[in-house]
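Not measured: the values here are computed from a predicted model. All residue numbers refer to positions in the sequence shown, counting from 1.
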Amino acid sequence: MSTENFRFYIKVRTVLNIQAKIIHDELYSVYDEARLGRPITETTPENIEQIRLLINGDPYLTIEEVQEQTDLSYGTIHRIITSHLNLRKITARYIPKDLTDFQRAERVQICEENLAKFQQASWRLCDIITGDESWFYHKQIGRKSSHAAW
């Protein structure tokens, strides 16, 4: 039986309101596992740990770069990163999907403190230091004619 026939059989049995477990058991009683599809064998604890170490070492890695270093498939790496390590890509690095209650409360507290400083005019935008300690200044640019040079 081809893959297309398996799909057709599953669709027909589903329309007849037969439970997925029963359909699964029927197919496995007739066909061996090799005929029904390949199992996911690359998602092992060793591969999960290997990918965790790679990402911890360099959070800017892409899935393609991890793929070159591990010889695992793109889908397996993506599944390990998203499902097993619970990471997602934000701009250029992986971060945890969910913040703890403490982390959320801490971020709210910091934002409220920053807002109060801005409202009291005791803080300026140029006082903010980014993670890489770059300074950004806001400069009001006048008219072109006043900045002209000879």
Can you name the side chain to side chain donor-acceptor pair (under 3.5 Å) partners of Q109, sequence neighbours left out?
E113

Under the side chain to side chain donor-acceptor pair (under 3.5 Å) test, residues paired with Q103 that sit two or more places apart:
T100

Looking at [atom1] of [X] and [atom2] of [Y], how far apart are the two atoms once the value is rounded to the nearest 0.5 Å?
X    : Y    : atom1 : atom2 : result
L115 : Q120 : CG    : CD    : 9.5 Å
E49  : E46  : CD    : CD    : 9.5 Å
N47  : L72  : CG    : CG    : 4.5 Å
T70  : I77  : OG1   : CD1   : 3.5 Å
L54  : L61  : CG    : CG    : 6.5 Å

Residue [X] excluded, over 12 heavy atoms near [atom1] under 6.0 Å:
X    : atom1 : value
K11  : NZ    : no
R104 : CZ    : yes
Q19  : CD    : no

Which of parallel (below 30°), tilted (30 to 60°) and perpendicular (above 60°) describes Y74 and H78?
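Plane angle under 30°, so parallel.
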
Are [Y] and [X] connected into the same hydrophobic cluster when the rule is that any two of I, L, V, M, F, W, Y join if their side-chain heavy atoms are below 4.5 Å apart?
X    : Y    : result
V108 : I110 : no
F8   : L16  : yes
V15  : I22  : no

Specify the closest pair of heavy atoms between I10 and T14, including all atoms of both residues, with the distance to one decimal.
O-OG1, 2.6 Å

With side-chain contact (heavy atoms from CB on, under 4.5 Å) as the test, would you mind laying out the steps for R79 and T76 before giving the verdict?
CA-CA 5 Å; R79 181 174 43 258; T76 299; 3.4 Å; yes

I'd like to check H84 versus I51 (side-chain heavy atoms, cut-off strictly below 4.5 Å). Are they in contact?
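With C-beta onward as the side chain, the pair stays apart.
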
